[in-house]
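Note sheet for the following structure.
The sequence lines fix the lettering, A, B, ..., with proteins before strands; numbering per chain opens at 1. These numbers come from the heavy atoms of this one structure, side chains and all, not from hydrogens, waters or symmetry mates.
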2 protein chains.
Amino acid sequence: MTDTKQKILDPAERVFAQQGYAATSLRQIIAQAGVNLAAIHYHFGSKEELLDGVLLRKVTQMNDRRLGLLAAHEAEAGAGRLEVEKVLDAFLTPIVEMVGEHPDFVRLMGRLMAESELPEAVLKYFQPILDRFTAALTRALPDLPPAELAWRMQFVMGAVAQTICGSAVWTPEHTSPAGLRGRIRSLAPFLAAGLSAPPPATRED
Amino acid sequence: MTDTKQKILDPAERVFAQQGYAATSLRQIIAQAGVNLAAIHYHFGSKEELLDGVLLRKVTQMNDRRLGLLAAHEAEAGAGRLEVEKVLDAFLTPIVEMVGEHPDFVRLMGRLMAESELPEAVLKYFQPILDRFTAALTRALPDLPPAELAWRMQFVMGAVAQTICGSAVWTPEHTSPAGLRGRIRSLAPFLAAGLSAPPPATRED
DNA sequence: GTCTATACTGAGATAGAC
DNA sequence: GTCTATCTCAGTATAGAC
């Protein structure tokens with residue numbers, strides 16, 4: 001991999017994380033990277049593929065860690081009941097672990113989860129993880145109807161996204177790594193209680 | 001108010017709701033409105049102020065309804081304990097009530113809540129409501145530390161936003177008014193359980 | 001193979017004729 | 001009030017230097 005390609009990725013990650021994908025211009029990135037505009041399109045092809053390149057560097061590490069923790073918790077549970085808290089821990093802990101060394105990457109992940117018009121490049125990394133954790137929660141919450149669980153997964157994703165990157169909007173507090181760790185420690189029991197709540201009375205109307 | 005100004009607002013609301021604020025171009029709106037590009041800037045000043053004009057038409061109605069329901073529930077509770085479910089009902093019911101007649105407006109509200117780079121014009125309508133409901137929840141959950149409640153409000157906002165507009169991304173299901181009503185009926189018990197969860201053990205690190 | 005210079009299309013915004 | 005023309009800046013594409 002060329003030096004120029006490497007020089008692009010870090011500034012891209014930083015600016016995408018700070019301003020969001022849509023609000024970031026490639027010209028802002030090249031200004032920080034010290035490369036020519038066309039170099040981005042030569043090495044990556046487009047703005048969206050540049051985002052894909054940024055994600056690809058670390059998303060596999062994060063998702064593998066999630067899957068590893070989840071498998072460990074499942075093995076520990078054995079034939080017994082898998083606790084909701086353990087499943088949430090497997091999802092959230094890798095975020096906490098990475099926020100110290102790669103804060104920009106974590107913020108970018110949060111922003112992307114919240115953006116409505118997110119590119120295809122992002123979804124392909126999230127969907128398998130979502131499916132895997134939905135399956136685990138199905139085991140942890142056997143009495144919850146599958147459709148209800150699917151919705152609750154959305155509630156969880158929304159809350160996680162807002163937790164990672166929404167603070168600048170709704171509260172004056174900034175997104176420091178330490179602050180984010182604290183928020184996620186608060187998020188886990190909130191989500192566990194929500195997921196474990198009895199399903200609403202079914203109505204057909 | 002001129003005819004031209006009126007002709008712009010409905011298409012703007014529709015296209016903003018369908019594509020999101022950032023992804024929408026003024027040229028898409030004028031194509032549906034049948035007006036000149038400069039007319040938008042003459043009547044509204046900018047793209048952001050056009051969004052403000054769209055919100056202004058209905059956001060007061062929604063927020064007044066929220067405040068009215070909340071006041072009614074508080075009066076009903078009297079000196080007794082205000083239930084978390086009642087506070088959530090006051091926040092969510094106006095969404096359900098409006099989604100039948102004004103589905104585009106509701107979708108737009110959801111999208112804006114989720115967008116990280118949201119304009120100032122939006123925040124000024126949300127912040128007072130957020131403060132008012134935070135105060136009500138302080139009464140409903142007197143044992144919860146204020147900082148913990150502030151974070152949980154963020155979790156709630158994230159889940160609500162994702163519920164209104166996130167389905168197209170995370171699940172194949174579309175955002176029909178009926179489907180949204182069902183999701184919000186599922187959302188309320190989830191959020192009530194989360195808000196009512198015991199606060200996490202305090203740690204200083 | 002890499003990278004630069006340049007141009008193309010479409011975005012929001014604005015000045016000025018009518 | 002309205003519309004034409006134009007400005008700046010965005011993402012993108014390509015020809016050609018090295």
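The closest donor-acceptor contact from the side chain of B:Y21 to the backbone of B:E48 lies under 3.5 Å. Side-chain atoms of A:H73 come within 3.5 Å of backbone atoms of A:K86 as a donor-acceptor pair (strictly under, hydrogens ignored). Side chain of B:R111 to main chain of B:A17: a donor-acceptor pair is present (N/O by atom type, distance under 3.5 Å, no hydrogens or angles).
Set against C:dC3, C:dG12, D:dT12, the side chain of A:Y42 has C:dC3 as its closest nucleotide. Of the candidates C:dG12, C:dA5, C:dT14, C:dA5 carries the atom nearest the A:A38 side chain, counting heavy atoms from C-beta on.
In terms of phosphate contacts, B:S25 brings a side-chain nitrogen or oxygen within less than 4.0 Å of OP1 or OP2 of C:dA11. At C:dG1, none of the side-chain N or O atoms of A:H43 fall inside 4.0 Å of OP1 or OP2 (strictly under the cut-off).
Nucleotide C:dT9 holds its C1' atom 15 Å from the CG atom of A:L26, rounded to whole Å. Note: OH (A:Y21) to P (D:dA10) measures 15 Å, nearest angstrom. Atom P of nucleotide D:dG1 and atom NZ of B:K5 are separated by 10 Å, given to the nearest angstrom. Atom CD of B:E49 and atom C1' of C:dA13 are 12 Å apart (whole Å). Between the NE2 atom of B:H41 and the C1' atom of D:dT4 there is a distance of 15 Å, rounded to whole Å. Straight-line distance from the CD1 atom of A:I40 to the P atom of D:dT14: 18 Å, rounded to whole Å. The distance from atom CG of A:L37 to atom C1' of C:dT2 is 15 Å, rounded to the nearest whole Å. One atom, CG of A:L50, and another, P of D:dA10, lie 16 Å apart when rounded to the nearest Å.
Side-chain contact annotation: A:D52 with A:Y125, donor-acceptor N/O pair under 3.5 Å present.
For the residue pair B:V87 and B:F133, the shortest heavy atom distance occurs at O-CE2, 3.4 Å. Considering every non-hydrogen atom in both A:L191 and A:A159, the closest pair reads CD2-CB, 4.0 Å.
Remark: A:E74 engages A:R132 in a salt bridge, criterion side-chain N to carboxylate O under 4.0 Å.
No contact: B:A39 has no heavy atom under 4.0 Å from any strand.
Below the 3.5 angstrom threshold, one finds no donor paired with an acceptor across the side chain of B:R27 and the base of C:dG10.
A heavy atom lying under 4.0 Å from DNA chain D marks the following residues of residues 28-36 of chain B, by number: B:N36.
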